[in-house]
Undergrad: 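Pasting in a structure now, in structure tokens, and then I'll have a few things to ask.
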Number of protein chains: 2
Amino acid sequence: MSVDRSVPFNRETLESVLKRRFFFAPSFDIYGGVSGLYDYGPPGCALQSNIIDAWRKHFILEEDILEVDCSMLTPYEVFKTSGHVDKFADWMCRDPATGEIFRADHLVEEVLEARLKGDKLARGQDHAEKDTSEEKKRKKKVKEIVAVKLDDSVAAEYEFVLAQIDGYSGPELGDLMKKFDIRNPATGGELTPPMEFNLMFETAIGPSGQLKGYLRPETAQGQFLNFSKLLESNNLRMPFASAAIGKSFRNEISPRSGLLRTREFCMAEIEHFIDPENKSHPRFSEVKDTVLRLLPKSTQQEGLNDLLEITIGEAVEKGIVDNETLGYFLVRIYTFLLSIGADPARIRFRQHLQNEMAHYAADCWDGEMNTSYGWIECIGCADRSAYDLSVHSARTNEKLVVRETLEAPKEIEDYEVTIDKKKFGPLFRKDAGKVENYLTSRTQCELEDLAKELSEKKSISFVVDGVQDNKTLSLDDSLIKIEKTKKLQHIREYIPNVIEPSFGISRILYCLIEQNFWVRPDDLSRSVLSFTPAIAPTKVLLVPLSNNEVFTPIVADITKRLRKSFISSKIDDSSASIGRRYARNDELGTPFGVTVDFQSVKDHTVTLRHRDTTMQVRGSQEDIIAAISAMVFDGLSWDDATAKLDAFEGQQE
Amino acid sequence: MSVDRSVPFNRETLESVLKRRFFFAPSFDIYGGVSGLYDYGPPGCALQSNIIDAWRKHFILEEDILEVDCSMLTPYEVFKTSGHVDKFADWMCRDPATGEIFRADHLVEEVLEARLKGDKLARGQDHAEKDTSEEKKRKKKVKEIVAVKLDDSVAAEYEFVLAQIDGYSGPELGDLMKKFDIRNPATGGELTPPMEFNLMFETAIGPSGQLKGYLRPETAQGQFLNFSKLLESNNLRMPFASAAIGKSFRNEISPRSGLLRTREFCMAEIEHFIDPENKSHPRFSEVKDTVLRLLPKSTQQEGLNDLLEITIGEAVEKGIVDNETLGYFLVRIYTFLLSIGADPARIRFRQHLQNEMAHYAADCWDGEMNTSYGWIECIGCADRSAYDLSVHSARTNEKLVVRETLEAPKEIEDYEVTIDKKKFGPLFRKDAGKVENYLTSRTQCELEDLAKELSEKKSISFVVDGVQDNKTLSLDDSLIKIEKTKKLQHIREYIPNVIEPSFGISRILYCLIEQNFWVRPDDLSRSVLSFTPAIAPTKVLLVPLSNNEVFTPIVADITKRLRKSFISSKIDDSSASIGRRYARNDELGTPFGVTVDFQSVKDHTVTLRHRDTTMQVRGSQEDIIAAISAMVFDGLSWDDATAKLDAFEGQQE
């Protein structure tokens, strides 16, 4: 059974369906809307919760993950420690004349893309790429493409910059703007150099207004802070993973592209805690032969974007993907996307460039889905190393570690701090404990530096938060010794590393909609959303042949049976033709239609229609509901589920 | 099959289980926590999502409700219009000497309760009501109970005030504080009179910092703003309901009682839109004989709290509950609570006092659950009348109405505005449209007033937002006429009323935990959480008899089969005794235990244990899994599901 999906995709047609059927719409629409905020209507909301449900089954249940639900409101201290207060920012430029604000990387990208299009136009290579309305809105900074031919070398340089646009720092973007003379596209006015703009929403917690807080920009920190409780919940066994599903918030400078860059969005994040000395995965052998399409950073650095098709086993072996656990999750992400109906030919994994990675990441791959907006980052799969647990631990003095009894004790050589407590106490008085605590809780790496300082200068200087107004303290070598000592270790203590697959549910939702949208070639007004039965917002459309009263009790009875089986259904008993009623639900993605006709009144049989092929079969109510249930819950194909039912040619659409 | 639940409830025991097993814990615990913010650990999170899942099936699926998911971030204008900016506040008092802040109604309540306890103590009526640790924390304002005898009339007055404590306004609370000399309990210092404190968290949206916004304190507004799109989604048919599930935020002055009053919480809200002239419900006859326990406002106003047991049919007939739709939802709320395992004897519905109702409500009943903290409001069921749709419509000039074609045209008499456009245009120039729009969009009620003003003063004066700097405008009767005119109405246009059942999921979750907690009389260290199978965080505990390797493949096989059936399971292959392992999972609420023993190796049979009774049966893996599935998904009882399996007495706990 195949369907003809040859009609070229047109985003305007899709957008009109999404708007008309209220998949989603700008929030506060009647107040004029607020950019970057969207509401999901009934089909969008059901689609979202079905995707989340599938995600829970694919990951939480299958991988035995510990799901948590943590607060979105977060006090300042937590994000100060995690680095978000200082570094979770985008670069923006302001036009001092007009007050307009631009996101620097987007501006450079749009201006260079526009110039390259203008170049093609001038060279007569324009393939009439028509910008759709939404695309125009997105690219509103550059109003029109002007046909200006570029030198070959300049065009090549633009292409090179665009291939790694995500990798530039703010000052580098500033240099590019100077070099390529990038200005306010509307007025030609000069812009300020890129400045950092923090993307977190700020608020105050409590009636005093004194406790500064933020809305979380990711769900991860809540999981890290609960690490010890989670390890305990897992009976102290490693490795293990936690996960959280929920809303996060980023105060985007210029939200764009509908659901693809919003200020409030649904995420699902897994934090997989592993031994830094052993990043293998027990189930890697199950996935190692899966072929993925990769775009490694080396390719991007050459200004190219050719994909590498390779088994994950080989990719890990060759060091393209850093370790088994990262590789295992790339495959699990891939199979998740396939299970919810993504197009395998439009999925790729792109490695982050060095500059592009979040401040905490050691390696990162994006799961990207291809749409009319280009390749969209939908999932990040990062190795966050021990960064988060280390910084929170250092800040709070709570150990966030794993203790592992060694089978054989091991001789180790560690730096150790010895303090002359007799002199130390009188010197620091009430702060003596704090200072001692500070010194004894340094990492081995920090102690190595301090030992060096002590041997060279015969004293060390340092600052302890909250002691003597944060003035620099000094200790000479009569008060402190920092020396390497050998000892037998019976318990190994380590801070786990974290592999983090992080899913942007709203983005996946949009990309899935685009990849599943098509138009029937025999009637261009009839569009279809080919969602899988498990993901489809509504599973069954119930259609009585006419509004004759004899059908009412049968329809009511089927509705009741479907509800009992937790299968969502809608009745369309309007006076429109059967074909028209089916068409209205094809564009909602309803996979099955059940028609009740005069034959049903006689023998309680009904017909079952397949959305994509419009094929129909006929059977008893029980058999039809069993077939639907098998397709919705057990993932059976139409052919398998309806094999024993009779083909039906009665009503024509 | 019954269980012995005779051991008295002890909150400290429960709290120790909840903490130890990480049902929930203060957020940012290692940073010292932030009051009113909690994280759910794995069992709490699973419990929450199972309750939400049950809610979706009970309401969304069964009542054919349109679920939406709207933004939490909301611009100022929306909450200004809805009245939240001006009225969504609690009353707080400050101690100018210490800077402490008190929530006025809580302070009055706690002080009077403490004095009544002191009175009982002085009268020798103290029944050794020991405050648990959490209770002490909650009642931290009043440090200790002092035995002071009160006059009988004073004690009676305190009781009277406490019975309607939720009904006092801020100034009334101030009067009570003066009358009863209520001061800072710790210092005896005098407090400021109660001042309003707005409970919404404020933030700024966008890079300019100019657009003020709030975190929503309820999900309702998003649903109201989308009314027209939702009506369209419902094929313009009335009545219908929308619903939203998600987090809301309230900046509580003094969060207390664990999950019962938090600053971030999960809600599920239904907005049922009905014809104000017809509040009947088509399915009311299905529920009319259900008996509910009601506490009407008349009883509370007499200072009493006796419950009225009455069928909902009679309650509506007698006008105790205002209308069928409100009554229908009270029953549906009740059956929902029963379906997730609440104790019917500990559910009541309390009517709001006039002062207590939200500013928009016309009538309101709270679904309350009884716990060791007393009766807890878990669900509000309010008639919000046409308030919200009216104010948003007036503010935005978007009609939020239903248009109904009348079967027979109807003669109506309405006020109508006629404007002399020739004079009007030059007078207001560019603002003429705005002024005209303002005048023609007045309600009939407002027009009646304006007509009166015009006939009395020969002119009207009014303010139009944004016109002439909001100065008062004036029009005399040469420019405008407002007269009653008769016409034939073919279409009836009305603003629907809203019945709103609003569920505090976090509160329901806590109350459910308390109502399902008990301790085995034969071993007080063994506590049990008797969640229903559908709600339980984990469904099955898998226990191999020992860590003998022969059991591993069998346990793995059962795990796989359970996963395929979407039944969550955990393995406990620790070296603890079988009884110990079961006990550990009884306190997590895991309803079923499957033991794999040497017999299993021979014939693939396993035993199935029932958490509450510790009864066991034996059968093939297939039969046992089928029985579990029937109990988890189809709601079958243990007796029905295991009728065909053999009783088993082998391993003792």
Undergrad: So which residue, B:G32, B:P75, B:S35, B:G246, ends up with the most heavy-atom pairs under 4.5 Å with chain A?
TA: B:P75
Undergrad: When rounded to the nearest 0.5 angstrom, what is the spacing between CD1 in B:I245 and SG in A:C45?
TA: 7.5 Å
Undergrad: Is the closest side-chain heavy-atom distance between B:M92 and A:P207 below 4.5 Å?
TA: yes
Undergrad: Between chain A and each of B:Q48, B:M72, B:R94, B:R263, count heavy-atom pairs under 4.5 Å; write down the option with the most.
TA: B:M72
Undergrad: As a quick check of understanding, evaluate side-chain contact (heavy atoms from CB on, under 4.5 Å) for B:E232 and A:R20, giving each step before the final call.
TA: CA-CA 9 Å; B:E232 183 84 24; A:R20 188 157 35 80; over 6 Å; no
Undergrad: Using a cut-off of under 4.5 Å for heavy-atom pairs, which of A:L225, A:I567, A:L199 has the most such pairs with chain B?
TA: A:L225
Undergrad: Are any non-hydrogen side-chain atoms of A:F22 and B:L230 less than 4.5 angstrom apart?
TA: yes
Undergrad: Between A:E62 and chain B, with a heavy-atom cut-off of 4.5 Å, which part of the residue counts as in contact: side chain, backbone, both or neither?
TA: both
Undergrad: Salt bridge or not for A:D64 and B:K570, using N-O below 4.0 Å?
TA: yes
Undergrad: Could you tell me if the side chain of A:T203 sits less than 4.5 Å from the side chain of B:N251, heavy atoms only?
TA: no
Undergrad: Compute whether any side-chain donor of one residue and acceptor of the other, for A:N226 and B:D29, lie under 3.5 angstrom apart.
TA: no
Undergrad: Below 4.5 Å, heavy atoms only, C-beta onward: do B:I205 and A:F201 meet side chain to side chain?
TA: yes
Undergrad: Counting heavy-atom pairs under 4.5 Å with chain B, which one of A:R21, A:K57, A:K560 comes out on top?
TA: A:K57
Undergrad: Please determine if B:D39 and A:K229 form a salt bridge, counting it only when a charged side-chain N lies under 4.0 Å from a carboxylate O.
TA: no
Undergrad: Let me confirm one number: the CG-CG distance from A:L562 to B:L61, rounded to the nearest 0.5 Å.
TA: 9.0 Å
Undergrad: Evaluate the side-chain proximity of B:E398 to A:Y31: yes if any heavy-atom separation is below 4.5 Å, no if none is.
TA: no
Undergrad: Would you say A:E264's side chain and B:L73's backbone share a donor-acceptor pair under 3.5 angstrom?
TA: yes
Undergrad: At a heavy-atom separation under 4.5 Å, does A:L215 approach chain B through its side chain, its backbone, both, or neither?
TA: side chain
Undergrad: In the structure I gave you, are the side-chain heavy atoms of B:E77 and A:F28 within less than 4.5 Å of one another anywhere?
TA: no
Undergrad: In terms of heavy-atom pairs under 4.5 Å with chain B, which of A:G222, A:G206, A:S233, A:S568 leads?
TA: A:G206
Undergrad: Under a 4.0 Å threshold between the charged nitrogen and the carboxylate oxygen, would A:D572 count as salt-bridged to B:R237?
TA: no
Undergrad: Output the option from A:C266, A:G99, A:S569, A:S49 having the highest count of non-hydrogen pairs under 4.5 Å with chain B.
TA: A:S49
Undergrad: Search all heavy atoms of B:F633 against all heavy atoms of A:F566 and return the closest pair with its distance.
TA: O-CE1, 3.8 Å
Undergrad: Quick one: what part of A:A25 sits under 4.5 Å from any heavy atom of chain B, side chain, backbone, both or neither?
TA: side chain
Undergrad: Would you mind checking which part of A:K564 comes under 4.5 Å of any heavy atom in chain B, side chain (CB onward), backbone (N, CA, C, O), both or neither?
TA: neither
Undergrad: Taking side chain as everything from C-beta outward and backbone as N, CA, C, O, which of these in B:L211 sits under 4.5 Å from a heavy atom of chain A? Side chain, backbone, both or neither.
TA: side chain
Undergrad: Where do B:L37 and A:S71 come nearest, in terms of heavy atoms and distance?
TA: CB-OG, 3.6 Å
Undergrad: Would A:Y40 and B:E67 count as a side-chain contact (heavy atoms from CB on, under 4.5 Å) here? Give the steps.
TA: CA-CA 9 Å; A:Y40 290 98; B:E67 189 183 344; over 6 Å; no
Undergrad: Do A:L400 and B:I30 have side chains that get closer than 4.5 Å, going by heavy atoms?
TA: yes
Undergrad: Between B:D53 and A:R56, does any side-chain N to carboxylate O distance fall below 4.0 Å?
TA: no
Undergrad: State, yes or no, whether a side-chain contact exists between B:V68 and A:P42 at a heavy-atom distance under 4.5 Å.
TA: yes
Undergrad: So what's closer than 4.5 Å to chain B heavy atoms on A:V34: side chain, backbone, both or neither?
TA: side chain
Undergrad: Out of curiosity, A:F24 CZ to B:C70 SG, how far, rounded to the nearest 0.5 Å?
TA: 14.0 Å
Undergrad: Which one of A:N397, A:T81, A:T559, A:N235 has the most heavy-atom pairs closer than 4.5 Å to chain B?
TA: A:T81
Undergrad: With chain B as the partner, which of A:P43, A:A204, A:G36 has the greatest number of non-hydrogen pairs under 4.5 Å?
TA: A:A204
